[in-house]
Every structure is written in structure tokens, then in C-alpha cells.
Amino acid sequence: MLFDRVLIANRGEIAVRIARTLRRLGVTAVAVHTPSDADARHVREADLALEVPSYLDADAIAGAALASGAQAVHPGYGFLAENAAFARACAAVGTAFVGPPAEAIDAMGDKIRAKATVSAAGVPVVPGGAEPGDVLEEWRDFPALIKPSAGGGGKGMVLVHSAAELPDALASARRTALAAFGDATLLIERYVESPRHIEIQVLADALGGAVHLGERECSLQRRHQKVVEEAPSPFVTPELRARMGAAAVEAARAVGYVGAGTVEFIVDGATGAYHFMEMNTRLQVEHPVTELVTGVDLVELQLRVAAGEPLPFGQDDVRLSGHAVEARVYAEDPARGFLPTGGRVLLLREPGVPGPAAQSAARPAGSGPLVRTDSGLTEGGVVGSEFDPMLSKVVAWAPDRKAALRALDRALAGTAVLGVVTNVPFLRALAVHPAVRAGELDTGLIERALPELVTDADVPADVLAAAGLVFHALPQGDDPWEVTDGWRVGERAWTTWRLASRDGVHDVRVRGLPAESAEVLMEERPVPARLRAEGPEVDVTLGGRTVRYLCARDGDTLWLGRDGHGWAFTRHLIGDPGDRPGAAASGDGVVRSPMPGTVLVVKAQPGDRVTAGQPLVIVEAMKMEHAVTAPCAGVVTDLPVQPGRPVDMDAVLAVVTPEEE
């Protein structure tokens, strides 16, 4: 019998997605939230909500389940999803854990133990070594990949090319592993050149039934974290699918697995040889692509299996229909090395239907593309550095891969998160990249193609002109007698707007009435311009060409969005310095934080002589580390930060006094 009430031990888009399946099944959804998350979207979509100190407080969440009368707890992914102690804590209060037995979590959560277990079951594994049995510092087979033994999601993984890099890489990986997973144990593996990352979705019930639902291609990654996933893989043949699927089922059976899980393989793109990497004992971020090609609701199946029901189908019943592609929308800036960003969501536009409202396999033959967005965002919500930078997932299904990629690109073009810099333009460039379209994927593709994919570093001239026109139309409250740019009584003079953006400071000259007839100076010539606004949508006409923008304003900062891009402009007074607000001029020796976060390590002291590019401070945000380096050679004259202290974006971390030549 299915549960009547389920507590969701998570937040963000996955908590919203689980709540929607619970609502469809007529099951009461109970949310938990921290004090800062009391008004979050997942709380609004639940039937009942309880406050907890932290999403990592297993005892508090198990207690909330008991207090709410929940019969089961769904952990989602991340946080406590793969925590065996949490599964046991749920059992201790008489609440079912929607996941595998604690023993299976223990067996597969430890990558070292997991490799030994599946190897004994005949599943091929990547050669490597591990602590404490092997001394990692003595590894000499390069390139090599360091991984936290208790980790997942790519966090703490470091690619090492030589023995000289090994000590710092191990130290960084241990810090991240301890902070993210509470366990600093590491393992090291031979790095497979040009690898494809392919995973198999498995399902098992408590009565001995076990199946796989095909594969997902997860090779498009940055910093060892997935960005775009698809199902099925353009590389995998039916024969390879059958072999890998059988191996994945054997791996699950080897630990007495129950529920939904994912077995991840690294595959040699040249030979097709595959090796077990790890098993994620939970729902995966990329599960929607499997749902769309199989027509099943994985969360519903998780709930039914946890309630003791058998799987409703066998392996021969599994059919893959069409193609699905998912893109993860992150609060990050690809033009600045994928550094995490943040801010208040001023305007939000998300395409498609909320998942999992529709599944493609149930649609009539010949149906067109379907777009689904899983999101935890709300207008007015704040994106900070406390949690993972993933904001939402845009997923497209179509009868074939080419059409699915086109549908994904169109859906991303209709996505807007004004107020926060996101990776949406990067995702659009990735979706149409020739290698992606051809299915020629490997985990190093993004790094190699990065210059082609980061297309939004500079503000286009027409967008800059549009921003100047919008500022010109907004009521500013200025006294025209104090304007120093040529205004005269009775004259149609130019007004100069000094606008700062990510790529610098620009002067935009406008004259006339934007709603009727105005002109913008572009390339030293006046261009006819007009503006028409309706709510947040603004139509800007420049030289006879009209483009629609989404517009949002926060004080003196104006955001314009179109086709998935978002640009922020801040108005400056004439005569202000030409530097970007908050940023130091290159070579002045001031070192600022490139992101909001927490100082992990301070690698210098006042009075130290440093060289240009030498790491000074390591800042962590959203479970990612960034080394901030000296901008020039000189002496450290100020270092106003300490490990463990939070810092804002552009906060001064250090001052290096340049050496005199």
C-alpha cells in the first residue's frame, strides 16, 4: 500500500519535482527548510513544512518526519541522500527511507569498497590505488584522477599530470572531501584518455526483481561536473547497451540493492571498453532524460518499491522512445572560469511544462517536441553561496536526437533569470557545437572548445545602445541644469549615459524622445531609435530593426535579457573612473574575491615577496575551490582575511605593492 504522507529531505528543484509526483499520487508532501529558506519554492509547493537547523542534520530531519506523521522520507540527491546513518535514523523512528538499504549505501558509498565488490562480481574496474592501503603520494602513473572515496557529483576530483602536481592536488582534494562529505579518504585511478562518461539507470525491488532502463550519456562536463546529459547515448549500440546494462544489474545485485540507482562507467571512445567508476545509490540529477525516453516516473517507482510493491515490468518490457537532452542551468560565469555567481532573481522566465507533468512515451506517434523545466527558482528569491550553484534543468524530448537538440536550444533561448549571471548562453553555444551535433563527445570537449563556447564576454553594440535608450526613457530625477554633457534650453542635445557592465565602462549617447523619435550614436553616426514598453517586455527599434528585451531594474542597475542572455548595466556619473565597479585596475596590486564565498586557506603572510600568478588565498563557494593569485610581483602589504571567514564578491583579500623597476 502506497504511503499517505512523505517528507522530502531536500530543497530546490529536486524537492519541487518530488512534491509534484506526490501531489499527482494524492500523497501529502512535507517539506523541511532552514531559517533562510522559509519562503523557498519547495516550501510553497508542499502541503506542510517544518524548520530544521540544516539539511545535513540527520537527527533533526528524522525527528521532523516523526513529528509530521510522515510514513516515509525521500532524500532526493545530495545532502543526506547517500548517508547510511540517515537511513538508519529514519528506521529508528519508524519511517521508511525511500532508497536502498543502509548496507547497500555503505557498500557503494565507499568507492574503494565498491570497486572491490563489483570486481568480485565480474564487473571491470579502472586500475588504481586507495588509502589507507596505498600511499597516494607515491603514485607515478600519470595522468591520474584523484577522487574522494565518499564523494559524488565531481566534487573534489582533481586531474593530475605529473608527480610535481600531486602534493597540492591531494591537499585540495582532501579539503573538499572533508568539507563536502565529512570524509577525507581519497583514491587515485589511471585517467582514461578521451573518455566517455556513460551511466546505466537500474531499478530493483525487495522481492528480487531488477532491471535497467538504458543508458545516459554524461560526457559533457566542466570541472568533472556534468553540464548536459542525454538518453540514449549516440555512441552506445544495442549490443553494448545490453552488456553494460547486464553489468549494472549485477553490480546492484552484488550489494542487495533496492530502489533506483545509477551505475557509472568510464568508456574508451576508441575501443568501447568500459570500466565501473561508481554507483550512486540515489536518484540522479539527470533522471528526467530517462523518464522522457521510457515514459516512467522514477520518483513514483521509488515510492512504490519503498512501500514493498514489486516492479510493474520486467526487462523485456523496457522500450526507449525518441531522444531527450537535459541542460543544467547554473549560477556561474563561464567567461570567468565558471566562477559561482549570485544575486536576487529580479525576473524569471522558464519554458515548457513543469516535470514530470508529461512523459513522452505516452504521447501519440508523430508528436512534436516536449520541453520540461525542473526548477526551484522564484522571482524575488536570493541565490547565495551556501548551496550548489545549480538552479534548474531544462529538458527537451523529440522523436530524434537532431530535433531534441534544436528543441533544447529554443527552450534555452526562452529562459531568463535576470538578476543572476547564469550559464545559459554557454549552454546554447554547446547545444549547437558541431562536435555535439555529431555526437563526438568526451569529457574533455568543453575544455578544448571553451573559446568557441564562451560567447558573451563582450556586450554587443546593439544591446549597449538598447540599455542607453532604456535609461534615457526611465525617470531619473536629475536636475537638467546640473547635467554637464551639452544640454541646452530649447535644444535637442545629446545626453551621455555612462554605463558599467562586466566588460568595462561605455559611453552611450542618446537624444530625443525614446517613445516617439530618438537617435542613438553608434559607430560615430546617429541611428534612428524608438522604444515601446509593456510590463517587463521592451521593444527596441534601432535603424528599422526591432528586438524584444526583458527588462528588470534594481536601483541604478538595469538588466536586459534576450535569447537566453542577460546583461547588467549600472549607471555612472560623467567623470567616474573607467574601471568596473568594485574591480581593481590591472597591476594596482589589489586582490579581490572573484565570487562570494568562504576563505579556506591563506597561503601568504604580510611582508612576503610574491611573484605574479602566485596563489595567495583559496576561496570556496558552492563547494568549489578557487585560487586567487597575485596580480603582479611585489610585497604583500595587507592581508585582511582569515580562514573560515565569509567574503563578499569583490571584497579585498590582499594588497600586493608592486616592485619598482
Side-chain angles (χ1 to χ4, degrees), residues 8 10-20 23 29 31-52 55 328-333 340-355 373-394 411-412 414-424 467 470-471 474-475 501-502 533-538 548-562 564-571 581 595-597 621-622 646 648-650:
I8 306 166
N10 218 297
R11 67 178 303 278
E13 56 85 21
I14 184 56
V16 173
R17 181 260 174 277
I18 294 168
R20 286 179 172 161
R23 185 181 304 117
V32 293
H33 64 86
T34 59
S36 62
D37 247 0
D39 198 38
R41 183 169 174 176
H42 76 280
V43 175
R44 299 182 189 182
E45 298 223 9
D47 301 298
L48 174 68
L50 292 86
E51 184 176 305
V52 294
Y55 294 107
R328 304 187 186 192
V329 177
Y330 284 103
E332 66 182 17
D333 189 348
T341 61
R344 185 176 298 277
V345 180
L346 306 175
L347 184 145
L348 180 65
R349 292 288 186 275
E350 295 177 317
V353 297
T373 296
D374 288 11
S375 172
L377 291 172
T378 55
E379 284 191 3
V382 175
V383 177
S385 61
E386 184 180 359
F387 303 111
D388 187 273
M390 192 179 72
L391 305 177
S392 63
K393 303 176 306 197
V394 179
L412 290 169
T415 299
V417 189
L418 299 190
V420 180
V421 174
T422 72
N423 66 334
V424 171
V470 173
F471 266 109
L474 290 171
S501 69
R502 290 164 57 211
E534 184 176 347
E537 295 182 347
V538 178
R548 175 162 291 183
Y549 293 87
L550 292 171
C551 180
R553 190 181 180 195
D554 183 14
D556 282 337
T557 299
L558 172 75
W559 283 80
L560 293 181
R562 77 175 188 201
H565 293 257
W567 297 275
F569 303 92
T570 302
R571 176 191 171 217
M595 57 189 178
M622 298 180 180
D648 295 328
M649 185 171 181
D650 285 329

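Since the model is a prediction, treat every value here as computed from it, not as a measurement.
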Main-chain N/O of [Y] paired with [X] side-chain donor or acceptor, under 3.5 Å:
X    : Y    : answer
S392 : V329 : no
N423 : R328 : yes
H42  : V32  : yes

Are the side chains of [Y] and [X] in contact, using a 4.5 Å heavy-atom criterion?
X    : Y    : value
R44  : D39  : yes
V420 : V345 : yes
W567 : R562 : yes
W559 : V421 : yes

Rounded distance [0.5 Å steps], [atom1] in [X] versus [atom2] in [Y]:
X    : Y    : atom1 : atom2 : answer
N10  : H33  : CG    : NE2   : 14.5 Å
H565 : Y549 : NE2   : OH    : 11.0 Å
I18  : E13  : CD1   : CD    : 9.0 Å
L418 : T557 : CG    : OG1   : 12.5 Å
L391 : Y330 : CG    : OH    : 10.0 Å
R571 : D556 : CZ    : CG    : 6.5 Å

Holding to side-chain hydrogen bond (donor to acceptor under 3.5 Å, both in side chains), I want the full list of residues that pass it with [X], two or more places apart in sequence or in another chain.
X    : answer
D554 : none
T378 : none
E537 : R548
D37  : R11, Y55

Practice task
Could you tell me which residues satisfy side-chain contact (heavy atoms from CB on, under 4.5 Å) with R349, sequence neighbours excluded, listed by chain and number?
Solution key: L347, E379, A416, P536, L550
To check you understand the geometry: which heavy-atom pair defines the closest contact between [X] and [Y], and what is its length?
X    : Y    : result
S36  : E386 : OG-OE1, 3.8 Å
I8   : A29  : CD1-CB, 4.3 Å
P35  : E51  : CG-OE2, 3.4 Å
A533 : V538 : CB-CG2, 4.2 Å
T415 : P351 : OG1-CD, 3.3 Å
V470 : C551 : CG1-SG, 4.1 Å

Fill in the blank from the handout: Residues at least two apart in sequence or cross-chain that pass salt bridge (charged side-chain N to carboxylate O under 4.0 Å, His left out) with E350, listed by chain then number, are R41
